[in-house]
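Working notes, structure below.
Note that ligands are numbered from 1 as they come in the structure, with each ligand's atoms numbered from 1 the same way. What you see is a predicted model, and the numbers here were worked out from it, not measured in a lab.
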Amino acid sequence: MEMQLPPHEGVELSVVDMHTGGEPLRVILSGYPEVKGDSVLSKRRYVREHLDHLRRVLMYEPRGHYDMYGALIVDSELPEADLGVLFMHNEGYSTMCGHAVIALGRFAVDYKLVKEPQSPETQVNIHCPCGLVKAFVEYSGGKTGGVRFLSVPAFAFATDVTVTVEGFGEVTLDISYGGAFYAFVNAQRFGLDVTKSRTRDLVDAATAVTNAVKSQVKLHHPTSDDLAFLYGTILTDGKDNYSSEATANICVFAEAQVDRSPTGSGVTARVALQYHKGLIQLNQSRTFQSGSTGSQFTGKAVEETKCGDFKAVVVEVAGRAFYTGVSRFVQEPDDKLTHGFLLK
Ligand SMILES: O=C(O)[C@H]1NCC[C@@H]1O
């Protein structure tokens, strides 16, 4: 029996829900209006200016929640891209999202956005706002599995920067780029443990750091001003020296949103930082663990490159995504809460 939708006016929005290491990804399937713009970055500006109400409908309660994450598939201007994508969260639109790339790799193969799938891996070129990301999706017996991706050039932007953080005084940290900029600090500096402390305390410390860096450090990116902003702060367990054991971190991004996964773009930025400091070598793989759920990604630097004048590396990140369901959302005109709300 086909699922009947309740009476409603206007379009229905269909989505496929997935998660990667516990971090949700709501992939918009249909119902979203045409996105104008001649590049993925200009499309990102367009949705922010003209279609932001739909982000609130799909990310906020009652259809989503404070920490919901979404992906909108768009056309890319790059001939080598299989798809373009815009990412959305509780505050706006990010420039890179590794957990989403891992999920979208599977999605693109399963939903036939790429031609003939190949075994043992199918390549899916995903044009993210930060640039082209190459995903490789395990494929065998008609089934998709784990995904690894090669991200855009990642680089340490600044190390040992001291900022004044409200409530904590002077804090020394590193800033690194993995498709988005993150500040990195050892959670110990705040008397916290990324795997054991209360999430609320980790969020408060990370948010205070983010605010401090935003107001005290000017970021720039060699290819576009659209990329030059601090996306969040990653608190770590400080285990940056190479080890075969996992190292844990927790990423607090956008508006105090907590990543349940080890953060694909964060792992990219962290590997670039470790490589810059001489703590890991090319092709030395490390396991990164989410402080919130314990889920794991692996990450390694695979090639040296440049990004403008920055010495950069190409980082490979690998993980696994799962489907959780599909939904069809409607809006009733007399529902005062239909546009979405958030509880902090
Ligand atoms: O895996 C990632 O890169 C992302 N997860 C949520 C925050 C980041 O965009």
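Atom numbering of ligand 1 starts at 1 in the shown order; those under 4.0 Å from a heavy atom of F253 are 6 (C), 7 (C). Interface atoms of ligand 1 facing Y182, defined by a heavy-atom separation under 4.0 Å, are 8 (C). Here is the list of ligand 1 atoms found below 4.0 Å of a heavy atom in G264: 1 (O), 2 (C), 3 (O). Atoms of ligand 1 found under 4.0 Å from any heavy atom of M96, numbered from 1 in the order shown, are 9 (O).
A side-chain contact (heavy atoms from CB on, under 4.5 Å) with E23 is found for exactly one of T293, D67, T263, D259, namely D259.
In this structure, T95 and C128 approach most closely via the heavy-atom pair O-CB, 4.0 Å. Of all non-hydrogen atoms in E77 and D38, the two that sit nearest each other are CB-O, 3.5 Å. Taking each heavy atom of Q123 and V114 in turn, the nearest pair found is O-CG1, 4.3 Å.
Ion pairing between R200 and D204 fails under the 4.0 Å rule for side-chain N and carboxylate O.
Of all protein heavy atoms, the one lying nearest to atom 5 (N) of ligand 1 is D259 OD2, 2.7 Å. For atom 4 (C) of ligand 1, the closest non-hydrogen atom on the protein side is C97 SG, 3.2 Å. Looking only at heavy atoms of the protein, atom 2 (C) of ligand 1 is closest to G98 N, 3.1 Å. Looking at atom 9 (O) of ligand 1, its nearest protein heavy atom turns out to be Y231 OH, 2.8 Å.
If you look at F297 next to ligand 1, there are no close heavy atoms at all, none under 4.0 Å. Contacts between H89 and ligand 1, counted as non-hydrogen atom pairs separated by less than 4.0 Å, are absent for every part of the residue. The residue F87 has no part lying near ligand 1, judged by heavy-atom distances below 4.0 Å.
A cation-pi contact, defined as under 6.0 Å to the ring centre and within 45° of the axis, links R148 to F136. Seen from the ring of F168, R189 does not count as a face-on cation partner, given the 6.0 Å and 45° thresholds.
At a 3.5 angstrom cut-off on N or O pairs, E23 does not count as close to ligand 1. Here's the thing with H99: one of its N/O atoms is less than 3.5 angstrom from an N/O atom of ligand 1.
For the residue pair N90 / Y60, no side-chain donor-acceptor distance below 3.5 Å is found, with atom types taken as modelled.
Residues V137 and Y111 fall within the same hydrophobic cluster, defined by Ile, Leu, Val, Met, Phe, Trp and Tyr side chains chained together at heavy-atom separations under 4.5 Å.
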